[in-house]
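Read through the structure below, which is laid out as structure tokens, and then see the notes.
FYI, the numbering just counts along the sequence from 1. Below, all heavy atoms of this structure are taken into account, side chains as well, without hydrogens, waters or symmetry copies.
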Amino acid sequence: MLSFGLTFARLLKGVALSWANPDFKATLLLAIIIVLSGASFYHSFEGWSWVDSIYFSVMTAATIGFGDLSPTTPISRIFTTFYAIISIGVFVALITHIATSLIKTPAEKVRKGNSEK
């Protein structure tokens, strides 16, 4: 549990450091819109609850895919194919922003320290 807490704290630190970047904010907004769009689709076409629909949308976008839920209609399968391609790209961009802010900060400190010598 401690490991999860430390990892979550680092994620929050990365989000806080990224917040000043307008590209990060735009990517975060796009990710939220994509998840809500996917959830709305699955809620309407598959008849899943909102919780299941959001859960499946996030699991697909994060490439986890436990397999406990799966689309049953052809239109849902086609949608999921395109949804996965688009949402995975957006989630990768979002995580890249966060990771860059966490990596860049210590690296910048080292460069500033070396340039002062």
Side-chain angles (χ1 to χ4, degrees):
M1 191 65 171
L2 177 64
S3 174
F4 173 75
L6 293 173
T7 302
F8 190 69
R10 188 155 170 94
L11 173 66
L12 291 178
K13 179 182 177 185
V15 170
L17 290 170
S18 299
W19 195 254
N21 184 344
D23 291 339
F24 171 76
K25 290 178 185 175
T27 307
L28 179 62
L29 179 62
L30 185 59
I32 292 168
I33 290 169
I34 286 174
V35 168
L36 293 177
S37 297
S40 295
F41 178 87
Y42 295 119
H43 180 73
S44 299
F45 284 81
E46 288 292 324
W48 295 344
S49 70
W50 282 107
V51 171
D52 284 344
S53 298
I54 292 170
Y55 167 79
F56 182 78
S57 296
V58 171
M59 292 303 109
T60 300
T63 70
I64 296 171
F66 288 124
D68 49 347
L69 295 171
S70 60
T72 56
T73 63
I75 190 73
S76 293
R77 290 179 178 162
I78 291 168
F79 174 82
T80 301
T81 301
F82 290 104
Y83 177 81
I85 292 167
I86 293 166
S87 64
I88 289 168
V90 171
F91 267 53
V92 167
L94 187 64
I95 297 303
T96 300
H97 279 294
I98 295 169
T100 300
S101 70
L102 287 170
I103 293 168
K104 188 169 106 177
T105 303
E108 284 178 349
K109 288 178 184 175
V110 169
R111 270 187 257 132
K112 284 180 184 176
N114 289 337
S115 65
E116 291 175 3
K117 290 180 181 178

Discussion item. I'd like to know if the side chain of Ser76 reaches the main chain of Pro71, judged simply by a donor and an acceptor atom lying under 3.5 Å from each other, with no hydrogens or angles considered.
Written reply: no
Any donor-acceptor pair under 3.5 Å linking the side chain of Ser101 with the backbone of Gly14?
yes
Ile54 with Leu29, same ILVMFWY side-chain cluster at under 4.5 Å: no
Query - Val90 with Phe82, same ILVMFWY side-chain cluster at under 4.5 Å - result: no
ask   = Any side-chain heavy atom of Ile98 within less than 4.5 Å of one from Leu102?
value = yes
Rounded to the nearest 0.5 angstrom, the CG-CG distance for Leu11 and Leu6 is 12.5 Å
Phe56 vs Tyr42 aromatic rings, parallel, tilted or perpendicular, using cut-offs 30° and 60°?
perpendicular
**Message:** Whether the side chain of Ser57 engages the backbone of Ala39 through a donor-acceptor N/O pair (distance < 3.5 Å, no angle test) should be reported.
**Reply:** yes
Report task. Indicate if Phe45 and Ile34 have the same hydrophobic cluster label, given that clusters are the connected sets of ILVMFWY residues with side-chain heavy-atom separations under 4.5 angstrom. Result -> yes
Looking only at heavy atoms, the pair that brings Ser70 and Glu46 closest together is O-OE1, 4.3 Å
In this structure, OG of Ser3 is separated from CZ of Phe8 (nearest 0.5 Å) by 13.5 Å
Any chain of hydrophobic side-chain contacts (each under 4.5 Å) joining Ile88 to Ile86? no
Separation between CD1 (Ile95) and OG1 (Thr27), nearest 0.5 Å, reads 11.0 Å
Value for CG (Leu28) from CD1 (Ile33), rounded to nearest 0.5 Å, stands at 10.0 Å
| For the residue pair Phe66 and Tyr55, does the interplanar ring angle fall in the parallel (under 30°), tilted (30 to 60°) or perpendicular (over 60°) class? | parallel
Run the side chain to side chain contact (heavy atoms under 4.5 Å, CB included) check on Ser40 and Trp50 step by step: do they pass? CA-CA 8 Å; Ser40 295; Trp50 282 107; 3.8 Å; yes
When rounded to the nearest 0.5 Å, the distance separating CD1 of Ile85 from OG1 of Thr60 is 12.0 Å
Nearest heavy-atom approach of Ser18 to His97 is OG-O, 3.3 Å
Closest non-hydrogen atoms of Leu94 and Phe24, given as atom of the first, atom of the second and distance, are CD1-CE1, 3.6 Å
OG1 (Thr72) and CH2 (Trp48) are apart, to the nearest 0.5 Å, by 7.5 Å
**Asked** Are the side chain of Ser87 and the backbone of Tyr83 linked by a donor-acceptor contact shorter than 3.5 Å?
**Response** yes
*asked:* Can you confirm whether Lys25 is buried at NZ, in the sense that more than 12 heavy atoms of other residues, nucleotides or ligands lie under 6.0 Å from that atom?
replied: yes
Q.
Test of understanding: clusters of I, L, V, M, F, W, Y form through side-chain heavy atoms closer than 4.5 Å, transitively. Do Ile32 and Leu30 belong to the same one?
A. no
**Report entry** Side-chain heavy atoms of Phe91 within contact of Thr63, under 4.5 Å
**Finding:** no
On a heavy-atom basis, the closest approach of Pro22 and Ala20 is CD-O, 3.3 Å
